[in-house]
Amino acid sequence: MRRRPVYVALVVLVGAAAVLWSRGWSRPPDLDGALVLEVPPRTRPDYAGATIPPNIAPLNFRVEEPGVRYCVAALLAGRECLRVVSKGPEIAIPAEPWRRMLAEGRGERILFSVCVETPRGGWRRYAPIELTVAPEETDRYLVYRLMNAAYNLWGGMSICERDLQSYKERVILDNRSVGDGCVNCHTFLNNGTGRMVMHLRPGRVDYGNGMVFVDDGEVKKVDTRTRFNRWGAAYASWHPSGRVLAFSVNKGRQLFHSARVEVRDVFDLESDLALFLADEYRVTSTAAISDPDVLETYPAWSADGRHLYFCSAPITWADRETAPPDGFRQTRYGLMRIGYDAATGRWGELETVLSAQETGLSIGQPRPSPDGRFLLFCMYDYGPFPIHQISSDLYLMDLETGGYRRLECSSDRTEAWHSWSSNGRWIAFASKRDDGLFGRPYFSYIDPAGREHRPFVMPQRWGGFYEAHLKTYNMPELVAEPMPVAGEELAAVLRSADWISCGLPVTSPTPRAASRRDNESPEGGAPNYP
Amino acid sequence: MRDVRPQNASPGRARAWALLWRDYRLPATPLLFFAAFFIYAWLRVDTRLVYFCPTQYFPEFTWDRRFLEEHLARPGGPVEWAGALLSQFYFYRWAGALILTGAAALLSLTLWGMMASAGGGWLALLAYGPALAVLLLAARHIHCLSLVLGLLAAAAAGCAYVRAPLRGTWRRLAAFVVLSVLLYYLAAGAALVFAALCGLAELVKPGRRLPGVLYLAWGGAMPFLAGGLLLGVYAGDVSARLLPFQHDADPRALPLMLALYAVFVAGVVLSRLKSARLSGTDRPAPDGAEPAEEAARPRRAGLRRAAVSVGMLSVVVCVAVFAFDRDGEMLLRVEFCARQGRWEEALEAARQVPVARYDLLAGSDVNRALFHTGRLADEMFTFPQHSDALVTTALALMSTRSASPWAVLKLSDIMHDLGHVNDAEHLAQEAYEQLGRRPWILERLAVMRLAKRQTEGARVLFRALSRDAIFGGVGAAWLRRLDADPLLAGNEELRRLRASMLVEDEAGAPSVEEMLQELLARNGRNRMAFEYLMAYYLLNRRLEQFAANLRRLPEFGRTSLPRHYQEALLVYRESADRPIALLEGAVSEQTARCFDEFAALLADHADDPEAGRRAAWPDYGGTYFYYYLFGPGSEVR
C-alpha cells in the first residue's frame, strides 16, 4: 500500500512524457542552419495575405509540406509573440498569446514563420506568411444554418451560433427537436439578438408552418399568412426601429438541371413583399411592393429606415402553377427601393436603383451597410437564388455616388448570403470557392474607403476541419451578442405554443390581386386587415 | 449455468473464492450454446446483408474528430458511437457473428450474474433469454445494436450493483446514484432499465421497499434533471434515447427489445424472490456444513441439467428454424449482390424470392443484373415485371418526404448505369439525406463530381470516404489517383460517364421515355439506354414504338433478335390493325411454335380466361406473350 504514491507518480510522469513527446518537445528545434526557401509553405486553410479582426480565435492551420517536425513562430513588428512546435502538421496556436498579440497588433502586420524538419533531417524555413490585423473588431458571434447539401429531402439541420473569439459552437435550434422540420432564414435586428425571427416548416412531425419571433428572450410563433399573402414569410429584414419587419412571400419551386454543374436551382413562380408590425401582430403591404405581375423579393431596410430596398423582376409567364415557367432563364431581377415612414406607416416613391437591363445580370440579397454608405449585393446569371448559381459574385454599391463594382474577394465560384458587422467594417458570406460544393463562412474586411481585403475562412480548432466536412454553412449572420434563448428551451416552446395569427383564418377563400387592392387604403398607405 | 447457493452466509476468504469460482467458471453448456450461436450467426444470418441494406436504421460512422466530439457531448453518445463503430464490422461476416455472439453472451452473463444468488434450476434457463432475443433480432435482420449495447451497459451496471458487497443503505444508495449518472451519460435512456432492475431488486427484498421505491423514482426523474434541465437535451431524447421508443429506431425492434427488458426484469424479480425464500428455509449451518437436502442435490443435478439442455435446445432450434426470415434474407441478398456488381448471384437470389414478396426494388435490381449480364432482352419476363420496375419509380417520388431511401438509392444506381450524371448525383444526395454517409453514396457523389470535372468537390467527398471504417482504403486510393491525374482522364468508368452525360441542359422533369431518348441522342452507343427504352416500350405494351426502334439494334452488335423482341414482334403482328410482314429469320422457329402453342392453349380456354391464365403460367409465364396478355402482377402465386 505504501508503494501506491510511487506508482501514481510514475504513471503521471510517463503520461506527461508522452504528451510532451507527441507535441514535439523532445528537443528544441535547431533552426540556425535551416535551409531558407523563398516560397511560402502550402497550408490549409490558406490564410496568407488575409486581413483579420483583432478578436478572432487563433487561426489554426495545417502545414501541407512533408516533415517530421514543424515549428511555427508568429512575429509582430519583428518580435516573436508565440511559437508552436509540433510533431504533426496540425498547428494549434495557444489562445492567450494569440489574443495578446492581436490586441497589440491592431492595424499591424503579423508574420508566420514556418519551419519544417524534413524526414532526412535538417530544417527548411519557408517564406513567411503575412497577415494584417485590422483596427476594428468584428461582431463576436456568427449565426448560421448548418445543413447537408440538400435537394428535396432534408435530414439533420441546425441553426448554430459560433463564438468567433473561440471555437465554441452552440446549437440554437436543431431540427430534430422540432420533428425534423426545416428551420431557416434567421434574421436579427441591428446585429443584436433582442429581436429576431426565423422560420419553421413541418417535417416528420407537424408543429406548424410559420415564423418564430424571439422578442427579448420571449419566444412566439407567428403565422404571418393572411388573406392577402397565402404563403408564410421567407426572406426578411428588420426596420432599424425594430417595430416593422419586411418580409417576402415566395411561391418557390425547386428545379433540377440535367446537365449543369450545379444540379439545383430555385425559382419563384410568384412573390410579393409585406410588412409585419411587430408590436401589433399585423401584416400590411402596398401595391408597389406586391404587384401581382411582378416578382418582389429580398427586402432590406436602409440604415436610416427611410427606404426599403428589394429586388424585382416582371412575371413573363401566364401559367403560375407549372415549374419551370417558360423563359425562367431570362428572368433577371433589378434593384428597387421605396420610401417608408415608420412613424406614420406611409409609403413613398418607388425608384429603380439598378436595373437588370443595365447590368445584364440578376441582382439578389441587397444588404445596406449599418453606416448607410454602402449596399452589398450579389449578381449572377438569372433568377432569384444566388447560392445555386456558380456565377454569383459580391458587389458593392456606394450609395452616395450610385457606382458599384465587383468585390475582389469574390471567387470564380458561388458567393452569397452576406451580412455586415454592426460597425460596418466586416462582412461575412458563404462561399463555395474551395470545392464548388459546400458553402463555407468567409470574412472580409471593408475599410473606411470601401476597399475589400483578402478574405479568410472561419477558423476551426484544427486546420483540416473543412477538408472532409460535408455540411454547408448557410446564411452566416454577424451578431454582437449571444442568443438569449436556444436549444431545448427554444424548441420546447416551438413544440407547444399556439400560433399567433396575423390575419383571417387561412382556410377561407383566398382573394388575389383584386381584393388586395380593395384592401389598400385610399392614400396609398398601409392597408388595414382585420 | 451452474448451481449456486445463497450468498448471505459469511464465508471465510477461501470459501468466498471457492464460491466465486463456482459462480464464474466456464461451464460446458453455455460454451456449447454460444459456440453454436456463433456458427449460426456466421453461416446462416450473414450480417453483411444488414450492412448493405439501405435503411436509415443502420448507423453512420466516420473516423472523424467532430463525429466523436458530437457523440461525447451528449448523453448516450458514447454507446451510440461504439454501436455505430461495431456495426461497421457487420461488413465482415465472421466479425458480425462475433459481435452478435459477444453481445448475446454478455447479456446472458450479466443476467446470470444478477440471478446467481438464487441458485440454478429452471431459473438458470432464463439467462439464455437475452441470447434468444438477440438471435431473433438477427434472424429477422433487425439492426438495433446500439439499443442492445445500451441494455448491456445497464445490465452490467445492474449486475455490479446487485453483486457488489456493499453494506448499509447509504453506501448502496451512493453506489446506485453514481452508477445511474454515469450510465445516463454513457447510455442515456438505458439508465431507466438500470434503475428499474435495481429498484425491483430492492423492492422484492424484505425490509428494502423504501430504497426500491426511491430508486425507481430517481430512475424516472434523473434523466429529466440531468438531460432536460442541466444538459438541455431534446425532450424526445431525454429518456427515450437508446430505448426502442426513440423516434429513429427501427419499429420492428420494439417487441423484441421489450421482451429483452422483460426477461431481465423477470430474472431479477424471480431470482430475488427465490433467494429470499432460500435464505428463509435453506440457510446453511453456521459452521458451513450443508443441510441434509443439499447432499441430495448432486443426484438430481444431472437429470435437471439434461432437462434444461433439452428444453433449451428445443427452443433454440425452433427460433433458428422458424423465426428466420428467409424471404427477407433473399431480398436483402439481391441488394447485397447488386451493390457489389455480383449480378449472377443477384439473379440467383432473386429466383428464390417468392412472387408474393417480390417488390419493385428487387425488380429494378434484377433488370440491372439482366442488363449487365447481357440477358435483359432475353430473360426479363422470366421474372415478375411491372412498368415501374425498370426505373423503380417516377422522379415525382422525390417531392415527398415519404420517399423510401432504398428506392431513391436504387434510382440513383440506375441513373449512374445509364450515364445520367446529374440525376445520379441528385438522387444519391437525397439518399444521403436519409441514410447518412454510407460509403457507396459518398463514392457515387464523388464520382459524379469527377465526371463533371469538379475535382475539388470530389476530393472533399473522397476524404470523407477515406475516414470510413471499412471503405477508407477505397477513398484513399481515389485520392492517390487524383493526385497523379486530377481529371483521371484514363479512368474507364469516368470515360463512360463523360461520354454519356447530357450536355444540353433542361430543368424540367422529363418522362422516363424522354429521358432515355435524350441519353440515346447524346450517345447513340449507350446500350443500356437503348435496352431500357425497348424494355420500357415492352412493359407499357407500346409495340409500335418498340418496332420503330428495332432498327437501332445492329448498332449494338446484335445480329439476331433477342427472345423477348421476337415474342413482341409476333404479338405486334397479331395485334396490329394492318398486316405486318416480318423479315425472314427474324423470329426463330422455336419462338413461333411457342407462340402458336400459347395461342392454341388460350383458345382451348376461351370460355374461362382465368383458367387459361393458370394453365399458361407454367410453360409460358416467362414469355412476353403472357405479360402482354395478362399484364403486370398476373403471376400465379
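Below, chain A is the first sequence line, B the second, and so on; all start at residue 1.
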**Asked** To the nearest 0.5 Å, what is the distance between CG (A:Asn148) and CD (B:Glu430)?
**Response** 11.0 Å
**Complete:** Applying a strict 4.5 Å limit to non-hydrogen atoms, the region of A:Arg329 in contact with chain B is side chain
**Complete:** Under 4.5 Å to a heavy atom of chain A? For B:Val460 that would be both
**Message:** Which atoms of A:Asp174 are under 4.5 Å from chain B, going by heavy atoms: the side chain, the backbone, both sets, or neither?
**Reply:** neither
**Prompt:** Hey, which of B:Met448, B:Arg463, B:Arg449 has the most heavy atom pairs under 4.5 Å with chain A?
**Reply:** B:Arg463
**Fill in**
Of the listed B:Gln56, B:Arg459, B:His247, the one with the largest count of heavy-atom pairs under 4.5 Å with chain A is B:His247
**Asked** Of the non-hydrogen atoms in A:Pro324 and B:Gly508, which two are nearest, and what is the gap between them?
**Response** CD-CA, 3.8 Å
**Request:** Heavy-atom pairs under 4.5 Å with chain A are the metric here; pick the option from B:Glu433, B:Arg437, B:Arg467, B:Glu456 that has the most.
**Result:** B:Glu433
**Request:** Kindly compute the distance separating NE2 (B:His420) from OG (A:Ser258), expressed to the nearest 0.5 Å.
**Result:** 5.5 Å
**Complete:** From the list B:Glu425, B:Gln454, B:Arg66, the residue making the most non-hydrogen contacts under 4.5 Å with chain A is B:Arg66
**Request:** Sort A:Glu467 into side chain, backbone, both or neither according to what part of it lies under 4.5 angstrom from a heavy atom of chain B.
**Result:** both
**Request:** Please flag which part of A:Ala149 lies under 4.5 Å from any non-hydrogen atom of chain B: side chain, backbone, both or neither.
**Result:** both
**Complete:** Honestly, the part of A:Phe438 sitting under 4.5 Å from a heavy atom of chain B is side chain
**Complete:** Cut-off 4.5 Å, heavy atoms of chain B, and the answer for A:Arg433 is neither
